[in-house]
Amino acid sequence: MGELNDPGHSSSPAVLSGSQADHIEVLESVDALPMAAEDMSNKRSNSFRRAILQGNRRLCNKGLLEESGLSVAQRLIRHMAYETLPREIDRKWFYDNYTGCPPPWFIITVTIVEVAFFVYYGLVLDRFVLQATHPGYLKSNPLVYHPQLRVQAWRYLSYMFMHAGIEHLGVNVALQLLVGVPLEMVHGALRISFVYIAGILAGSLAVSVADMSAPVVGASGGVYALVSAHLANIVMNWSGMKCQFKLLRTAFALICMSFEFGRAVWLRFYPSSYPPCPHPSFVAHLGGVLVGITLGVVILRNYEQRLQDQSLWWIFLAIYIFFVTFAILWNIFAFSLLGVRLPTAPRKPPWI
């Protein structure tokens, strides 16, 4: 009788099973009402997070489409993060912390200004292909870096808005938009503009040191800094980069960069239309690549961590500052000490 009255013991397994089932059903019906929406949202979030970590493109796209409360633009940003960030930890951090980001104003603004200046000088010179070979290209141009005018410090950056021709501008703009826009939308304007401007400055300073008599035009220093940093991150994290066609995309970027660099080398040694001044130098491309594989790699790789906490950041930043300081001193003293014969400063021709 004691066993029958014991509430912790049941003499009828069927009755116990039925009462437990009723109890479970009541609990589920009570909890399901307020928690249904939240559970469903958490389920989708966990599913999408697993898809990111596993590199499952089909599940990832499905998660993007099913994610509630996100606009089309926000879903596109997340997709770009999945395609752009090379490491699994970065993709997870981006998904967990993403709240929205502004449009890529820096890359878009720079591109618009470059195209505007190119069209203007194309109309003035009546030439759009190989503009740099026109006798009046460097005449009274306030933007192009010229060794005789190196005291005008803004030219070390403003040369980025001028291009040697439509072939030069086209490749730079294509790489700028295809690589720069996704990078800025994921990493933000501050980091991307720093890498870009650092590549531009390193390009002109490298020319002033290694190709002292040549002018510089084009944004190749900044473009090559971004592209080389992105490609270096992909190569370093090849197994973790789960996006489709990564080999094709990497090969396409390398082909474009090689084509543009080959064009620049050919133009540099092409007979000048305004001797003794040579055509624009190609060394700026190399300066941009060096910035990309040093500062750029650290900035783009450490996505979820603060840069000031990274020892490599301080090492590469110190190297960059040392190079800039050395190049400034070189521009002040080396030209006179080495007796470098520079071409005369360009003057405005009568037809412009």
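Side-chain atoms are counted along with the backbone in the values below, which use heavy atoms only and exclude waters and symmetry mates.
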So if you build clusters from Ile, Leu, Val, Met, Phe, Trp, Tyr with side-chain heavy-atom gaps below 4.5 Å, do [X] and [Y] land together?
X: Leu123; Y: Ile166; result: yes
X: Phe333; Y: Val324; result: yes
X: Val151; Y: Phe335; result: no
X: Leu183; Y: Ile112; result: yes
X: Leu169; Y: Tyr120; result: yes

From CA spacing to verdict: side-chain contact (heavy atoms from CB on, under 4.5 Å), Asn141, Tyr121: CA-CA 10 Å; Asn141 191 315; Tyr121 277 94; 3.6 Å; yes
Side-chain donor-acceptor contact under 3.5 Å, His163 with Ser220: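 Per modelled atom types, His163 and Ser220 side chains form no pair under 3.5 Å.
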Minimum-distance pair of heavy atoms, taken over all atoms of [X] and [Y]:
X: Phe106; Y: Ala189; result: CB-CB, 4.5 Å
X: Val297; Y: Ala232; result: CG2-CB, 3.6 Å
X: Tyr196; Y: Met160; result: CE2-CE, 3.4 Å
X: Ala202; Y: Gly287; result: CB-O, 4.0 Å
X: Phe269; Y: Val265; result: CD1-O, 3.2 Å
X: Val207; Y: Pro215; result: CG1-O, 4.5 Å

Got a donor-acceptor contact below 3.5 angstrom from the [X] side chain to the [Y] backbone?
X: Arg191; Y: Ile299; value: yes
X: Glu114; Y: Ala219; value: no
X: Trp154; Y: Pro142; value: yes
X: Gln131; Y: Arg127; value: yes
X: Arg155; Y: Arg150; value: no

Taking atom [atom1] of [X] and atom [atom2] of [Y], what is their separation to the nearest 0.5 Å?
X: Ile107; Y: Gln176; atom1: CD1; atom2: CD; result: 5.0 Å
X: Trp330; Y: Leu337; atom1: CH2; atom2: CG; result: 9.5 Å
X: Thr325; Y: Leu205; atom1: OG1; atom2: CG; result: 10.0 Å
X: Ser281; Y: Met212; atom1: OG; atom2: CE; result: 12.5 Å
X: Arg263; Y: Leu267; atom1: CZ; atom2: CG; result: 5.5 Å
X: Ile200; Y: Leu157; atom1: CD1; atom2: CG; result: 7.5 Å

Do [X] and [Y] have side chains that get closer than 4.5 Å, going by heavy atoms?
X: Ser208; Y: Pro147; value: no
X: Val216; Y: Pro280; value: no
X: Phe252; Y: Leu178; value: yes
X: Thr294; Y: Ile319; value: no
X: Leu295; Y: Phe194; value: yes
X: Leu201; Y: Tyr320; value: yes
X: Met185; Y: Val181; value: yes

Any pair counted as salt bridge (charged side-chain N to carboxylate O under 4.0 Å, His left out), so long as it reaches residues 205-215, sequence neighbours left out: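 Sorted pair list: Asp211-Arg268.
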Parallel, tilted or perpendicular: rings of His285 and Tyr224 (30°, 60°):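 It falls in the perpendicular class, over 60°.
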Aromatic ring pairing Phe326/Phe322, orientation class (parallel under 30°, perpendicular over 60°, tilted between):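 Parallel.
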Neighbour count above 12 (heavy atom, 6.0 Å) for Phe323 CZ: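 Yes, enclosed.
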Within the 6.0 Å centroid threshold, strictly below: Phe128 and Phe118: yes
Pair Val217-Leu143, side-chain contact (heavy atoms from CB on, under 4.5 Å): steps then yes or no: CA-CA 9 Å; Val217 296; Leu143 302 177; over 6 Å; no
With Tyr145, the ring pair (Phe, Tyr, Trp, His ring centres under 6.0 Å) member among Phe161, Tyr156, Tyr159: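 So the option named by the test is Tyr156.
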